[in-house]
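What you are looking at is a predicted structure, and each value in this text was computed from that prediction instead of being measured. Every chain is numbered from 1 and lettered A, B, ... according to where its sequence line falls, protein lines coming before strand lines.
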Amino acid sequence: MTSAREDILSNIRRSLAVRGNERTRRQIVAERLDRAAKGVIPERGQVSGDELVEVFRTQAELALSTVHMVDSVAEVPQAVAEFLRNHNLPAAIRVGEDLRLRALPWGDTTLEVTHGRSEGADLNAVSHAFGAVAESGTAVMVSGPENPSTLNFLPDNHIVVVAAKDIAGDYESVLARVRSTYGKGRMPRTVNFITGPSRSGDIEQTLLLGAHGPRRLHVVVVKG
Amino acid sequence: MTVHSTSPQFKDNARRALAAPELQSALAKVKRGFIDKRAAAAARLPEFEALRDSARDIKDHTLAHLDLYLERYEEKVTASGGSVHYARNAEEAREIILSICREAGASTVTKGKSMIAEEIGLNSHLEAAGIRPVETDLGEYIIQLRNEMPSHIIAPSVHVTAAQIEADFRRVHKGLDPRRDLSEPVKLLGEARTMLREQFLAADVGVTGANFLVAETGTSIIVTNEGNGDLTQILPKTHIVLASIEKLVPTLEDVAQILRVLARSATGQDMSVYTTLSTGPRRVGDLDGPAAYHVVLLDNGRSAMLGTKFQDMLRCIRCGACMNHCPVYQAVGGHAYGWVYPGPMGAVLTPTLIGVDKAGHLPNASTFCGRCESVCPVRIPLPKMMRHWREREFERHLTPATIRSGTKLWGFFARRPMLYRLATRLGMGALGLAGRARGRFRWLPLARSWTKHRDFPVPQGDTFQARWQRERGRRAA
């Protein structure tokens, strides 16, 4: 008996009237994978500097995120504390092992900081984004002990810190950075593109936030 | 066949649906919910039409080289520590998943939204083996409680009202205080969130579908708004991705192209909230993520569609725009179609998957208005393919005798223009004369099903062709 794999591949080849060992076909595929050419890129994100950050902010807010700009990383703890205070949330956060976050002057605030992954009981989490995409106001997170994926989904309130220099105009630019960071054809276990807080329209098409993931997504953009 | 189908009874299903007040009130919201939002999102992006071309071309290219991209994809999944399993049909896919669950000692399996899981009837198979499947997409959860099939591919519970959901929660959720107020959607959501949070944390295996499989990196991608798919795949020890073979795309750049048309076509968002790229199991040092990562690749008739008139259907990215814009779907909803996939895409896909003899009615459930094709993000010529099915249905003598003989009679005259003109002139003349006094017919022999719902206006006694000739003569003069 032939295996399911062989059967499926040979069915595909029979239907396409190919053998699978044609040199030109193999070459076309190899080149396409190697080049990873970009297609149509929307103009919307093709700006730079402050203008790019503004596009990001506008799009993120359209997706119902909130955005706070700070001039330097040292101001992040205050920005986080202020967000929690404004929403009457407990002054406690969970953070991964990201050194950029660990090094921050949390002691300047009254925030209680715990580290590691979430087990489901945390109300608030802070993670550092790998990058962001202006065209749709999307934060891009990569998994790892620095920023465990559970922090993106289990807490009710997710605060994402992103450096302004890591905001790209389009998805392709961030994906190219993932590729150059992890190696061609290699990926972190999880890459999360996050565009706004969790939502559902499954009950009579009423838009409701906080379906299973965070009810709020707050992005702190560090300009300096 | 995998899931029981009522597609052969489409006409009866449709009649019942038209007379169901709750369904009709739910369907009335489709227009506001989907059509206007899609139009607005498309209008905001000047490159939208160019991106549709790009998405179509990517899918066409991939399908033409599908064997090679599958090989490459498998190689990359394996290299990242995952396993790939091939399933020729639904039965094999169910068995593979069951054996992975058994090996993991699973008693509870959480599920992200997957149409392929519906296609293979996964839930009942797991239940029969003593494993409890829990749907975690809110809409899927609701219809699981109701023991129904999804009526829409992206909004499975679009046919259910809030009052019905409240009744279902009260019936099924043990320990729910009867005095608890669930009168508003947000309260229903809160109740579901609490119930499902426990399930997420307790599950042994998580099953998700995939919107894309990336050959370049061996990555599977899900696109969701709730975050349920992510909790399904990062919390349990084992993550199973269930996907059909046509989900392949070459590179991450290709994914970016299609993402730009997917959410806009589906819900009118620029991007869905969560687009998640998963590659293999958790890495050394990771604090979360599954220890095991499996991909089950399902064929189930798709390889046989390649190279046929129906190959273009394999471009489908399951956005649901065709059904949102379909006047027939808007009138009868998804359940009338009788199987897993409703609307125009279902009318084309269902006969290929379960046979034209069982689903031959579906391609007739179309007015051929062409809206489905005009909004399809990958430009699938849906009306043309429905016509192909109608031809096959006719060739295989599956069309009812009255339609066959009627069509033959019409064909006899249509091939003899002189005779056709004479017959229509006589017919129109007679009708014009007979109805002159009233101006309309309430009743006509041989056309009773037409006149049952409306009057037939009396012809003016002349045929279109005769008037055309006369007008042309007048203009020329």
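- Using a 4.0 Å cut-off between a side-chain N of Lys or Arg and a carboxylate O of Asp or Glu, A/Arg19 and B/Asp67 do not qualify as a salt bridge.
- Heavy atoms only, all atoms of each residue included: A/Phe193 and B/Met271 are closest at CD2-CE, 4.1 Å.
- In this structure, the side chains of B/Arg260 and A/Pro42 come closer than 4.5 Å at one or more pairs of heavy atoms.
- With 3.5 Å as the limit, one finds no donor-acceptor pair spanning the side chains of A/Ser198 and B/Glu226.
- Only the side chain of A/Asp7 comes within contact range of chain B, with heavy atoms under 4.5 Å apart.
- B/His61 is listed as a side-chain neighbour of A/Ile28, based on a closest heavy-atom distance under 4.5 Å.
- Residues A/Glu22 and B/Leu68 have side chains not in contact (no heavy-atom distance under 4.5 Å, counting atoms from C-beta outward).
- Counting heavy-atom pairs under 4.5 Å between each of A/Asn11, A/Leu16, A/Leu9 and chain B puts A/Leu16 at the top.
- Nearest heavy atoms, A/Gly196 versus B/Tyr274: O-OH, 4.5 Å.
- Once rounded to the nearest 0.5 Å, the distance linking CG of B/Leu188 with CG of A/Leu208 reads 9.0 Å.
- Rounded to the nearest 0.5 angstrom, A/Ser149 OG and B/Ile234 CD1 are separated by 5.0 Å.
- When the candidates A/Arg186, A/Arg179, A/Lys38, A/Lys184 are compared by the number of heavy-atom contacts under 4.5 Å with chain B, A/Arg179 comes out ahead.
- Contacts of A/Ala30 with chain B are absent, with no heavy-atom separation under 4.5 Å from either backbone or side chain.
- Both the backbone and the side chain of A/Ala36 come within contact range of chain B, each with at least one heavy atom under 4.5 Å from a heavy atom of that chain.
- Interface remark: A/Thr190 contributes backbone and side-chain atoms alike to the contact with chain B (heavy atom separation under 4.5 Å).
- Interface summary for chain B: among A/Ser143, A/Gly137, A/Pro197, the most heavy-atom pairs under 4.5 angstrom belong to A/Pro197.
- Highest contact tally toward chain A, considering only B/Thr251, B/Thr224, B/Val160, B/Asp288, is held by B/Asp288 [criterion: heavy-atom pairs under 4.5 Å].
- Not counting sequence neighbours, the partners of A/Glu97 by the side chain to side chain contact (heavy atoms under 4.5 Å, CB included) test are A/Arg102, A/Pro145, B/Leu287.
- For the set B/Glu74, B/His152, B/His159, the count of heavy-atom pairs under 4.5 angstrom toward chain A peaks at B/Glu74.
- Side-chain atoms of B/Ser157 and A/Asp202 include no donor-acceptor pair closer than 3.5 Å.
- For the pair B/Glu216 and A/Arg32, the salt-bridge criterion is not met [side-chain N within less than 4.0 Å of a carboxylate O].
- Contact annotation: the side chain of A/Leu33 approaches that of B/Tyr69 to within less than 4.5 Å [non-hydrogen atoms, C-beta and beyond].
- For the options A/Glu135, A/Glu43, A/Glu119, heavy-atom pairs under 4.5 Å to chain B are most numerous at A/Glu135.
- Proximity to chain B (any heavy atom under 4.5 Å) is restricted, for A/Gln205, to the side chain, taken from C-beta onward.
- A pairwise comparison of heavy atoms in B/Arg44 and A/Arg44 identifies O-NH2, 3.5 Å as the closest pair.
- The shortest side-chain heavy-atom distance between B/Gln257 and A/Glu172 falls under the 4.5 Å cut-off.
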